[in-house]
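Just below is one structure, and these are the notes that go with it.
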Amino acid sequence: MARIIVDDVHCKGCGLCVDACPKGVLALDDERITPKGYHPAKLIDPDNCIGCSSCFTTCPDVAITVVM
């Protein structure tokens with residue numbers, strides 16, 4: 001099963017990964033704020049992540065790692 005890891009130090013909550021995900025398994029975390037003041041992305045449905053790497057490719061800050 002694939003999953004992603006979001007590096008909160010680099011994620012600025014732009015939401016590009018959320019829009020790029022074909023399965024809709026990402027969202028911005030409205031309950032957390034990073035030290036830089038952003039709502040980071042988070043994996044909300046890990047069972048449906050297909051590991052396509054669209055989020056990784058789209059992220060301008062290289063804040064996402066895809067683990068297979």
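Model, not experiment: these values are computed from the prediction.
- Taking all atoms of both residues into account, the shortest heavy-atom contact from Ala2 to Met68 is CB-SD, 3.7 Å.
- From Ile4, atom CD1 reaches atom SG of Cys52 across 10.0 Å, with rounding to the nearest 0.5 Å.
- Closest approach of Asp45 and Asn48 over heavy atoms only: OD2-ND2, 2.6 Å.
- The line from CD1 of Ile64 to CG of Leu26 is 6.0 Å long, rounded to the nearest 0.5 Å.
- Cluster membership for Phe56 and Leu28, using ILVMFWY side-chain heavy atoms within less than 4.5 angstrom, is shared.
- With hydrophobic clusters built from ILVMFWY side chains whose heavy atoms lie under 4.5 angstrom apart, Val66 shares a cluster with Val25.
- In this structure, Cys17 SG and Lys42 NZ are separated by 12.5 Å, a value rounded to the nearest 0.5 Å.
- A distance of 11.5 Å separates CG of Leu43 from CG of Asp29, quoted to the nearest 0.5 Å.
- The line from OG1 of Thr58 to CG of Leu16 is 7.0 Å long, rounded to the nearest 0.5 Å.
- The nearest pair of heavy atoms linking Pro22 to Ile50 is CG-CD1, 4.5 Å.
- Minimum heavy-atom separation, His39 to Asp30: CE1-O, 3.4 Å.
- Closest non-hydrogen pair, Ala63 versus Cys59, comes out as N-SG, 3.3 Å.
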